[in-house]
Asker: 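Here's a structure for you.
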Amino acid sequence: MSLISSALKRINPSPTIAISNKARELKATGRDIIALSAGEPDFDTPDNIKEAAIAAIRRGETKYTAVDGMPELKAAICRKFKRENGLDYKPSQVTVGTGGKQVLFNALVATVDAGDEVIIPAPYWVSYPDIVQFCGGTPVPAMTTIEDNFKLRPEVLEAAITPKTKWLIFNSPSNPSGAAYSFDELKALTDVLVKHPHVWILTDDMYEHLVYDDFKFVTPAQVEPALYDRTLTMNGVSKAYCMTGWRIGYAAGPEQLIKAIGTLQSQSTSNPSSIAQWAALEALDGPQDFIAANNKVFKERRDLVVSMLNQTKGLHCPKPEGAFYVFPSCAGTIGKTTPSGVKIATDEDFATQLLEAEGVAVVHGSAFGLGPAFRISYATATSDLEEACRRIQRFCGSLS
Ligand SMILES: Cc1ncc(COP(=O)(O)O)c(C=O)c1O
C-alpha cells in the first residue's frame, strides 16, 4: 500500500519555485547568479500597511476571526469591487483566504468532480492545471500564439467547450505572458460564454493594478453582467500592494459557492492571519498613490527588457500590457549548440544552459504550457535586469 495518496501523485512541485530554489542554491555556493524567476515585487510593503498590522497586534487583534474573513475586511472588499470594478457584492458573497492561491484551490476543490473539464488558456500560471488534477478534473489547455500576443481567440474558446466543461480559468494580466485583455477583446470571449450557461468563470485578477501605458483593466462580470451569477472574481493584495508574504487573497461570487469555500476552509486552515487581514484592510482602504509610482518603475523595466531581448539573436519578445513578466520566444535558438558542445533541443535546455553558462535564472515556457519560450520576471533591480539581458545577449550570440 502506497504512503502517498493517488490525489497527490497527480501533482508536481511548482517548477517556478524549483528554479528559484536552484538559483538560491547556486548563489550559496558563491556563483554570481541573477534570478529572474520569482513572481514577486522587489518593493517593500508600504509603511501605512505595516503600521496597521502593528496597531492590530497592539490592540490585541490576535485571536481567531470569522473563518472566511472578518466583517471589516469583507466590507472593504465590497467597497473595492464597487469602486474599481463597478461590481455590487454583499459581504455574504465574499470569501477571504490565505493568499489568492488558497482561494483558487478551495474554489476548485469545492466544485470540481472527477471527469470535469477546466479550460485553461495557455501559457498559464503553473498551479492551475495541477490543482485541477488534484481534484480529479481534466485541465484542457486552450492554446494562444505569440502572433496574437498570447490572447485567447473566441473560436479557440468555443472549440474547447464540451458538455463536461465546468470552468474557464481566465487570468488578465497574465502570469506568465503579461498579456491583458481590453474591453473589446474580453467581450469577444464573454459573448462565447453567454451561449454556454453550464460553464463557470473563475477570473484571477491578481495583477489588476499592474498595467501600463494607460491600459484600462476590465473583469468578466463587469464586461458581461449576464455572467455575474456564474463568475467567481478572485483578487488579492500580494502583487499590487507588495504583500506576498502576508498571505491574503479574496474572491466574490454567488453565495452558494462562497459558502462551500467557507465550509472547506473551516475544516482546513480556518481564518487567514488576523494581523494580515487588518493590514489588507488598510491596503484596500488606504492611500493608493504608491501603485502608480511603482508602475512607473515597472513600465521602464518592461521597456528596457523588451528592447534588449528584441536585439538578441534568436529571440522575439512581444510587449505585454501588464503584470511584471515578459514571455519571449526562443524558437530561433532551438537546434543550436553551446560553446561547450551542448545541443539546445527544448526551451528547458535553453534555460538550463543559460543558468549554467551565464548564471541567469529564467523559467522555461513549456512549464507554463507553451514553448519554446521562457518567462522573465522584471520585478527586480533595474541594474540587475540590464546585466541579465546583456548576459542573455552574450549567451544567444555564442550559440552556433
Ligand atoms: C496568476 C496568479 N494567481 C495567483 C497567484 C497567487 O497569489 P498569492 O501569493 O496571493 O497566493 C499568483 C502568484 O504568483 C499568480 O501569479
Side-chain angles (χ1 to χ4, degrees), residues 13-21 35-43 45 49 68-69 73 77 80 95-109 118 120-132 139 144 150 152 167-181 201-211 217 219-220 232-251 261 265 268-269 272-273 276-277 279-280 283-284 298 320-327 363 365 367-370 375-380:
S14 158
T16 49
I17 294 176
I19 290 164
S20 296
N21 287 347
L36 305 180
S37 45
E40 63 180 345
D42 52 323
F43 304 122
T45 307
I49 298 174
D68 63 352
L73 179 55
I77 291 166
K80 174 261 178 286
T95 190
V96 184
T98 302
K101 202 178 228 176
Q102 187 187 22
V103 175
L104 267 164
F105 185 87
N106 285 353
L108 292 169
V109 171
V118 177
I120 307 175
Y124 44 69
W125 183 45
V126 291
S127 296
Y128 301 144
D130 280 63
I131 299 175
V132 171
T144 66
F150 304 114
L152 185 63
W167 289 100
L168 163 70
I169 302 184
F170 179 74
N171 174 220
S172 165
S174 150
N175 176 4
S177 72
Y181 291 68
I201 299 97
L202 204 175
T203 180
D204 178 346
D205 297 352
M206 208 62 175
Y207 294 92
E208 162 175 17
H209 292 292
L210 304 179
V211 289
F217 171 86
T219 188
L232 184 69
T233 304
M234 191 277 264
N235 210 316
V237 293
S238 297
K239 312 285 174 167
Y241 298 94
C242 313
M243 293 176 68
T244 45
W246 297 75
R247 312 306 305 130
I248 296 291
Y250 57 85
I261 291 173
Q265 197 156 295
S268 53
T269 56
S273 153
Q277 287 190 68
L284 296 180
F298 281 141
E321 294 85 356
F324 37 63
Y325 308 106
V326 291
F327 198 68
V363 186
F368 306 97
L370 195 143
R375 186 192 78 174
I376 283 182
S377 162
Y378 55 82
T380 201

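Just so you know, ligand 1 is whichever comes first in the structure, and atom 1 is the first atom listed for that ligand. Remember, it's a predicted structure, so these values are computed and weren't measured experimentally.
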Asker: Out of V363, I376, I17, which one pairs with S37 under the side-chain contact (heavy atoms from CB on, under 4.5 Å) rule?
Answerer: V363
Asker: If you count the atoms of ligand 1 from 1 in the order shown, which ones are under 4.0 Å from a heavy atom of G99?
Answerer: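 Taking each heavy atom of G99 in turn, ligand 1 has 10 (O), 11 (O) under 4.0 Å.
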Asker: For ligand 1, which part of Y128 has a heavy atom less than 4.0 Å away: the side chain, the backbone, both, or neither?
Answerer: side chain
Asker: Side chain or backbone of N171 under 4.0 Å from ligand 1, or both, or neither, by non-hydrogen atoms?
Answerer: side chain
Asker: I'd like to check which ligand 1 atoms, numbered from 1 as shown, lie under 4.0 Å from a non-hydrogen atom of G100.
Answerer: 8 (P), 10 (O), 11 (O)
Asker: Between I248 and ligand 1, is there a nitrogen or oxygen pair with a distance under 3.5 Å?
Answerer: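 No - when backbone and side-chain N and O of I248 are compared with those of ligand 1, no distance drops under 3.5 Å.
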Asker: Is the shortest side-chain heavy-atom distance between F327 and L370 below 4.5 Å?
Answerer: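 Result yes, sub-4.5 Å side-chain heavy-atom pair found.
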Asker: Measuring from non-hydrogen atoms of K239 to any atom of ligand 1, is the shortest distance under 4.0 Å?
Answerer: yes
Asker: Just to confirm my output: which protein heavy-atom neighbour is closest to atom 7 (O) of ligand 1, and how far is it?
Answerer: M206 CE, 3.2 Å
Asker: Just need the protein heavy atom nearest to atom 12 (C) of ligand 1, so name the residue and atom and give the distance.
Answerer: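 Protein heavy atom at minimum distance: W125 CZ2, 3.5 Å.
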Asker: Apply the ring-ring contact (aromatic ring centres under 6.0 Å, His included) test between F170 and each candidate in Y124, W125, Y181; give the one that qualifies.
Answerer: Y181
Asker: Is the shortest distance from a heavy atom of T244 to ligand 1 less than 4.0 Å?
Answerer: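 In this structure, T244 fails to qualify as a contact of ligand 1 - no heavy atom is under 4.0 Å.
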Asker: Could you walk me through whether Y128 and V118 satisfy the side-chain contact (heavy atoms from CB on, under 4.5 Å) test, starting with their C-alpha distance in whole Å, then the side-chain angles of each, then the deciding distance to 0.1 Å, before giving a yes or no?
Answerer: CA-CA 9 Å; Y128 301 144; V118 177; over 6 Å; no
Asker: Would you mind telling me if ligand 1 is within reach of the side chain of K101, the backbone, both or neither, using heavy atoms under 4.0 Å?
Answerer: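 Within the 4.0 Å criterion, K101 contacts ligand 1 through backbone and side-chain atoms alike.
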Asker: Can you spot which of I261, L232, I77, N106 makes a side-chain contact (heavy atoms from CB on, under 4.5 Å) with T95?
Answerer: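 Testing each of I261, L232, I77, N106 against T95, the sole residue satisfying side-chain contact (heavy atoms from CB on, under 4.5 Å) is I261.
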Asker: When the aromatic ring centroids of F324 and Y207 are compared, is their separation below 6.0 Å?
Answerer: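 Yes, the ring of F324 comes within the 6.0 Å limit of the ring of Y207, centre to centre.
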Asker: Purely on distance, is any nitrogen or oxygen of S238 under 3.5 Å from one on ligand 1?
Answerer: yes
Asker: What residues form a salt bridge (Lys or Arg N to Asp or Glu O under 4.0 Å) with K101, not counting sequence neighbours?
Answerer: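 Scan of K101 (salt bridge (Lys or Arg N to Asp or Glu O under 4.0 Å), adjacent residues dropped) gives none.
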Asker: For atom 9 (O) of ligand 1, what's the nearest protein heavy atom and its distance?
Answerer: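 Scanning the protein heavy atoms, the shortest distance from atom 9 (O) of ligand 1 goes to R247 NH1, 2.8 Å.
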Asker: Heavy atoms, side chains only, cut-off 4.5 Å: are N175 and F368 in contact?
Answerer: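 Yes, side chains in contact.
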Asker: Among all protein non-hydrogen atoms, which one is nearest to atom 2 (C) of ligand 1, and what is the separation to 0.1 Å?
Answerer: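 The closest one turns out to be D204 OD2, 3.3 Å.
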Asker: Any heavy-atom pair between the side chains of S238 and R247 that's under 4.5 Å?
Answerer: yes
Asker: Would you check whether F105 reaches within less than 4.0 Å of ligand 1, judged by its heavy atoms?
Answerer: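 False for this residue.
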